[in-house]
Amino acid sequence: MKTLVVTSIVLFFVHTVCYAQSLSDLKKKKEEAAAEIEYTTKLLNEAEKSEKTSLSQLRLLNNQIHQRNIVINNTREEINVYQEFIDNNTLVVKMLEEDIQKLKEEYAEMIRSAYRNKNANDNVMFLLSAEDFNQAYRRYLYLKQYTNQRKTQAETINSVQEVLTESSKKLEEQKVTRQQLIGETREETQKLTTEKQQQNQELQKLQKQQRSLRQKLNQQRRVEQQLEDEIQRIIEEETRKNTDAGAPAFALTPEQKLVGDNFEQNKRLLPWPVERGVITEHFGIHSHPVLKNVQIRNNGINIATETGSKVRAIFNGEVTRVFGITGGNTAVIIRHGNYLTVYSNLREVVVKKGDIVATKQIIGTVFTDLEDGNKSILKFQIWRENQKLNPEEWIVK
């Protein structure tokens with residue numbers, strides 16, 4: 001009987017601990033996605049001040065739908081976890097109820113037995129009728145043990161009853177929480193449906209602007225090429241200096257090597273180049289969101305942010321270039337040892353070539369295109385010597 005009680009109590013606590021971490025992770029992911037949805041909505045509202053439909057708005061909507069799906073999926077996972085809570089707690093409650101019933105039956109039998117034998121086995125007579133002192137002492141220990149057993153049985157019943165009460169309370173709370181999550185899922189699904197309708201409307205409008213979109217895509221490719229040419233020029237200059245000095249092509253001074261090592265050690269911990277933003281175009285090659293059979297190559301990431309957002313260096317380094325790009329506004333390149341970070345589509349740049357900058361130091365302001373849906377897009381790249389890197393693998397999530 002004692003083993004059964006212990007098993008019930010252990011089950012009650014163990015299953016709760018097992019799922020606590022899972023729930024915590026799900027809630028964290030859901031909160032992060034909800035925060036990004038809120039910020040994306042703010043950017044969309046800002047973009048809607050311009051009556052022109054833009055590719056940037058569509059990308060924001062695409063991101064919002066993606067994040068909404070994350071919220072819905074994580075909420076559904078929470079519902080599943082709470083269902084497991086409910087199933088396990090229901091089992092525990094049933095076991096505890098059975099334990100209490102058996103404990104009470106055993107206790108009642110002990111009381112009945114004691115009552116039946118009350119006259120025949122009066123404690124004093126039981127002791128006095130002993131043949132000698134040793135027998136009397138053994139009878140005394142027996143009576144003491146029997147009394148303690150009755151006391152322990154009563155205490156066990158109380159303990160199990162407390163656990164049962166707590167389990168029943170938690171079970172009811174979990175059922176209420178599960179129903180609330182089901183309601184949340186229903187609301188989020190309705191919002192998702194509305195967003196998909198809006199996405200479809202924007203897509204239809206943009207499909208009528210294919211000629212304009214192709215022109216913008218070609219302009220974007222020219223901007224990317226100018227950036228890449230400038231980066232290659234920096235690399236060639238450094239290589240030429242090192243070669244003239246008889247050093248390897250990518251040789252660094254001790255100070256530069258230290259900065260580069262520190263930069264690398266902070267992978268996935270580096271701050272964003274803007275305080276708040278949403279990634280609307282990712283690194284690498286991917287399909288154009290409107291033009292069929294057209295591929296886009298992005299050497300970095302595009303971050304949508306608010307009008308007037310300040311751009312900041314993501315790590316200590318030296319400004320290597322500040323230059324204008326035809327159709328791409330101003331770009332700043334900062335060296336961090338053997339790493340380069342590239343910030344383009346800026347205005348009002350406040351640094352110059354040769355400046356030493358610190359982590360999160362302001363270097364300029366994101367340009368806002370008032371003629372193209374009020375979009376404020378920072379284009380951000382990371383290079384290691386002449387190798388393009390995915391910035392999302394370096395900045396903090």
Side-chain angles (χ1 to χ4, degrees), residues 36 40 43-44 47 50 52-67 69-70 195-196 198-232 272-274 277-305 309 311 324-333 340-346 366-369 371-384 386-395:
E36 187 155 330
T40 304
L43 296 180
L44 280 167
S50 166
K52 291 183 66 176
T53 298
S54 71
L55 193 59
S56 177
Q57 284 175 266
L58 180 61
R59 286 192 169 119
L60 284 170
L61 268 171
N62 292 345
N63 180 74
Q64 190 166 34
I65 288 169
H66 174 68
Q67 296 301 328
N69 277 315
I70 290 175
E195 288 163 356
K196 284 185 174 180
Q198 188 179 354
Q199 178 194 43
N200 188 51
Q201 291 169 1
E202 297 297 319
L203 185 58
Q204 288 177 357
K205 291 177 185 176
L206 286 167
Q207 284 172 341
K208 297 175 182 177
Q209 304 173 19
Q210 294 208 19
R211 183 178 178 181
S212 172
L213 290 173
R214 289 183 186 279
Q215 290 175 345
K216 288 176 182 177
L217 179 58
N218 290 333
Q219 175 63 30
Q220 179 182 328
R221 285 171 174 165
R222 286 194 292 271
V223 169
E224 290 283 347
Q225 192 58 54
Q226 286 184 62
L227 274 173
E228 193 164 339
D229 290 346
E230 196 65 32
I231 291 166
Q232 292 297 343
W272 279 46
V274 288
V278 174
I279 297 173
T280 54
E281 190 175 329
H282 299 274
F283 175 81
I285 298 173
H286 45 274
S287 298
H288 193 282
V290 179
L291 302 174
K292 292 182 179 180
N293 303 319
V294 175
Q295 297 287 310
I296 299 174
R297 186 194 70 177
N298 195 338
N299 291 337
I301 57 175
N302 291 5
I303 303 174
T305 186
S309 288
V311 181
I325 301 175
T326 305
N329 300 299
T330 305
V332 174
I333 300 177
L340 297 172
T341 53
V342 185
Y343 315 75
S344 61
N345 200 35
L346 275 61
V366 177
F367 173 78
T368 298
D369 193 340
E371 296 181 0
D372 190 14
N374 290 333
K375 68 176 183 180
S376 302
I377 303 289
L378 172 68
K379 299 186 176 186
F380 177 64
Q381 300 179 18
I382 298 179
W383 291 60
R384 186 182 187 277
N386 58 356
Q387 178 188 3
K388 308 176 188 75
L389 303 176
N390 183 356
E392 289 183 67
E393 296 178 358
W394 290 80
I395 57 177

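Between Q381 and L227, some side-chain heavy-atom pair lies under the 4.5 Å cut-off. A 4.5 Å side-chain heavy-atom check between I231 and D229 finds every atom pair outside the cut-off. Looking at heavy atoms from C-beta onward, Q67 lies out of side-chain contact with V278 at the 4.5 angstrom threshold. N298 is listed as a side-chain neighbour of E224, based on a closest heavy-atom distance under 4.5 Å. Taking 4.5 Å as the limit, every side-chain heavy atom of Q220 sits out of range of all side-chain heavy atoms of K216. Using a 4.5 Å heavy-atom threshold, the side chains of V311 and L378 count as touching. Counting only heavy atoms from C-beta outward, the side chains of N69 and H66 never approach each other to under 4.5 Å.
Between the OG atom of S54 and the CD1 atom of I377 there is a distance of 8.5 Å, given to the nearest 0.5 Å. In this structure, I279 CD1 and E392 CD are separated by 3.5 Å, a value rounded to the nearest 0.5 Å.
Contact detail for L61 and E195: the closest heavy-atom pair is CD2-O, 4.3 Å. Nearest approach of V294 to R214, heavy atoms of both residues: CG2-NH1, 3.8 Å.
Between R59 and E281 there is a salt bridge, since at least one side-chain N of the basic residue sits less than 4.0 Å from a carboxylate O of the acidic one. Under a 4.0 Å N-O distance rule, the pair E228/K388 qualifies as a salt bridge.
When T341, N302, V342 are each tested for a side-chain contact (heavy atoms from CB on, under 4.5 Å) with F380, only one passes: T341.
No donor-acceptor distance shorter than 3.5 angstrom exists from the side chain of E202 to the backbone of Q199, with no hydrogens or angles considered.
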